There are 2 protein chains.
Amino acid sequence: MLANTDYGTETEQSEQPGHEAAGPSRATPLRADDLARSLPGGMVRVFAAKEHIYREGDPATHVYRVEAGHVCIYRGLPDGRRQIVSFSYPGDFIALGAIRRHSASALAGAKTHMRSYPLAGLQEIARHDAALGLRLYAAVSEELAAAHDLLMTVTHRSAGERLAAFLLALSRRNSRCGENEREIVLPMTRTDIADFLGLTIETVSRTFTKFRIEGLIDLEQCILVTICDLAALEIAAGNGVSARERLELAS
Amino acid sequence: MLANTDYGTETEQSEQPGHEAAGPSRATPLRADDLARSLPGGMVRVFAAKEHIYREGDPATHVYRVEAGHVCIYRGLPDGRRQIVSFSYPGDFIALGAIRRHSASALAGAKTHMRSYPLAGLQEIARHDAALGLRLYAAVSEELAAAHDLLMTVTHRSAGERLAAFLLALSRRNSRCGENEREIVLPMTRTDIADFLGLTIETVSRTFTKFRIEGLIDLEQCILVTICDLAALEIAAGNGVSARERLELAS
DNA sequence: ATGGAGTGTGAGAGTGTGTAACAAGGGAGC
DNA sequence: GCTCCCTTGTTACACACTCTCACACTCCAT
């Protein structure tokens, strides 16, 4: 779950390349690949949709890499409320921060292929290979920055801002992966989005409709979002246009 | 800012010792000391109240350890809104997750003594000493778990639950440090508490008075909180009493 | 004494929520 | 292919919670 989706809150975004944000998921292709290269090839296991890879509190035994499908990482409250902490896509590692026990649950959102690396072996390597330890450190540090960004977004932004930021984060992810930045596939359910953004499913639904009416997006099916007005969506996300960009627009 | 204050959300808390949560701060005495032992003695510098140790976006040059005083780690939005990510007390490390640039700002809440360790030297050691890399990894992993807990609390809990959880986290911190678990000193302002819990200062203030009227706490000065009814505060925090404890109480 | 920062309290407004009921889609079974 | 049923998404409306705005008070330093 190497977080890397920036919500693009900062106006100086381009000047702070290292400042990534908590998004629905993020590829961090470089770092993740770094890490993958350090690791011996693990076993691939297939999980069915809605099958848990591990649960909060379980002893940590493996680190995983998503090969296909997608995974929700979440925390739960006894009364059923839950907070999705990140969505992980192919290439992302999950369960990295777990030392003894998993501090969150991992649930396959669809049929998902996971490559697993035994923790014991990992620690064995890290004891000799200092570079691996630093890579793990760097990977978790990025997740930490992502978590802080998500915290910022969820706490201080309105429902509309949150959803807009979420869509933009997915759009940027598409850009990075060389896909269409205006056609966003939402493999997760409305419930998942709500639990990620700290909203209810109704509010998510309502806000989608509001965006559609305002002409910001198109909703072909509930799974496919087309961004009609990227700039307006940026404004809806509360992302101030940077001073430089404003000058460029004005001139 | 080695996070270690559990909000005690889980009913199986005692059965999940490794499951710590996002609190206002946490000592993690063991790990922090581990880390301190690995590091060469750094320089101590004194910061005045409201002086920044570093700012979001600054190039990361040092890692710091709080020797005296306390520090707020926060993220800011362009419009002035901010989210305090953690409070750090003596013994805590800060700036650990920063690879190239600081992803958050650090502000001294009062006159604060900080011991600083140059990042360059740290990386040099880590290249040879694999154990240090793993310790850094472990330290940041704890911060990540803490951030996720804070996320959970701020997103899915009411104002009362948040404040109660905050006070309980501080109470537990006192226990761990061998201090009175019922007498809590709040070195931070109401504004800081509000920015940490994602509330407004007014709501924080009102909730404090509500707790006082209900007999949960006493407020001598606004800086000193005495917990009168620990169990009631647990309930106010939304921490369900575990099945076992309920049986014990009933019998 | 005076000013400022921080805190406490009140009234009104607004956002998001909760509880509904309803529509749409997909799979199992026959 | 067909129905039934369950899941998921959408919409409406009243309500509750928190926020916003306004002002008084305390404490401390000047």
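Naming: A, B, ... by sequence-line order, numbering from 1 per chain. Given the structure is predicted, the values throughout are model-derived calculations rather than measurements. The figures here come from the full heavy-atom set of this structure, side chains too, leaving out hydrogens, waters and symmetry mates.
- Ion pairing between a basic and an acidic side chain is recognised when a charged N comes within 4.0 Å of a carboxylate O; B:Arg172 and B:Glu234 show such pairing.
- For the pair A:Lys210 NZ and D:dA12 P, the computed distance is 15 Å after rounding to whole Å.
- Taking the six-membered ring where the residue is Trp, A:Tyr89 and A:His70 present tilted rings, their angle falling between 30° and 60°.
- In the set C:dG16, D:dT11, C:dG6, C:dG16 carries the atom at the smallest distance from any side-chain atom of A:Leu199.
- Rounded to 10 degrees, the angle separating the terminal axes of the helix from C:dA1-D:dT30 to C:dC30-D:dG1 is 50°, with each axis obtained from five end pairs.
- Residues B:Phe87 and B:Cys72 share a closest heavy-atom pair of CE2-SG, 3.6 Å.
- In this structure, CZ of B:Phe208 is placed 8 Å from P of C:dG8, rounded to the nearest angstrom.
- Between B:Thr209 and C:dT9, a side-chain N or O to OP1/OP2 separation shorter than 4.0 Å is present.
- Nucleic acid contact class of B:Gly198 (heavy atoms, under 4.0 Å, all strands): sugar-phosphate only.
- Base engagement by A:Thr203 is indicated by at least one non-hydrogen atom pair under 4.0 Å involving a base atom.
- A cation-pi geometry, defined here as NZ or CZ lying under 6.0 Å from the six-membered ring centre and within 45° of its normal, holds between B:Arg190 and B:Phe208.
- Taking atom NE2 of residue A:His156 and atom P of nucleotide D:dC19, one finds them 10 Å apart after rounding to whole Å.
- In this structure, CG of B:Leu197 is placed 14 Å from C1' of D:dT18, rounded to the nearest angstrom.
- Whole-Å rounding puts the A:Arg190 CZ to C:dG16 P distance at 18 Å.
- Contact annotation: the side chain of A:Thr209 never approaches that of A:Thr207 to less than 4.5 Å [non-hydrogen atoms, C-beta and beyond].
- Remark: C1' of C:dG16 and CD1 of A:Ile201 are 15 Å apart, rounded to the nearest angstrom.
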Tabulate atom names and distances for all N/O pairs under 3.5 angstrom spanning the protein and nucleotides 26-30 of chain D.
none

Using nucleotides 23-27 of chain C, report all nitrogen or oxygen pairs with the protein that are shorter than 3.5 Å.
none

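- If you check every strand for non-hydrogen atoms under 4.0 Å, B:Ser205 touches a base.
- Look at CD1 on A:Ile213: it is 12 Å from P on D:dT10, rounded to the nearest Å.
- You'll find the side chain of B:Lys210 stays beyond 4.5 Å of the side chain of B:Arg206, heavy atoms only.
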For nucleotides 18-22 of chain C, tabulate all protein N/O to nucleotide N/O atom pairs closer than 3.5 Å, reporting atom names and distance.
residue	atom	partner	partner atom	Å
C:dG18	O6	A:Arg206	NH1	3.4

Donor-acceptor pairs are to be reported for all side-chain atoms of residues 45-53 of chain A against protein atoms at under 3.5 Å, with residues two or more places apart or in another chain.
residue	atom	partner	partner atom	Å
A:Glu51	OE1	A:Ala48	N	2.7
A:His52	ND1	A:Arg55	NH2	3.3
A:His52	NE2	A:Tyr74	OH	2.6

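- Residue B:Lys50 is classed as a sugar-phosphate contact, given heavy-atom separations below 4.0 Å to backbone atoms only.
- Partners of B:Ser205 according to the side-chain hydrogen bond (donor to acceptor under 3.5 Å, both in side chains) rule, which considers only residues two or more places apart in sequence or in another chain, do not exist here.
- The minimum heavy-atom distance linking A:Ala165 with A:Arg157 is given by the pair CB-NH1, 4.0 Å.
- Counting to the nearest Å, the C1' atom of C:dG8 and the CG atom of B:Leu219 are 11 Å from each other.
- Taking each heavy atom of B:Ala194 and B:Thr200 in turn, the nearest pair found is CB-C, 3.6 Å.
- Place A:Gly160 and B:Thr191 on DNA chain C by their nearest nucleotides, and B:Thr191 ends up nearer the 5' end.
- Annotation for B:Arg115 and B:Glu67: closest pair NE-OE2, 3.2 Å, computed over non-hydrogen atoms.
- Between B:Phe196 and B:Phe166, the ring planes lie tilted relative to each other; the angle falls in the 30° to 60° range.
- Heavy atoms only, all atoms of each residue included: B:Ala95 and B:Tyr64 are closest at CB-CD1, 4.1 Å.
- Contact check for B:Leu216 versus B:Cys228: no side-chain heavy atoms found under the 4.5 Å cut-off.
- In plain terms, the two heavy atoms of A:Gly69 and A:Val66 that are nearest each other are O-CG1, 3.9 Å.
- Which of C:dT9, C:dG16, D:dT18 sits closest to the side chain of A:Ser158 comes down to C:dG16.
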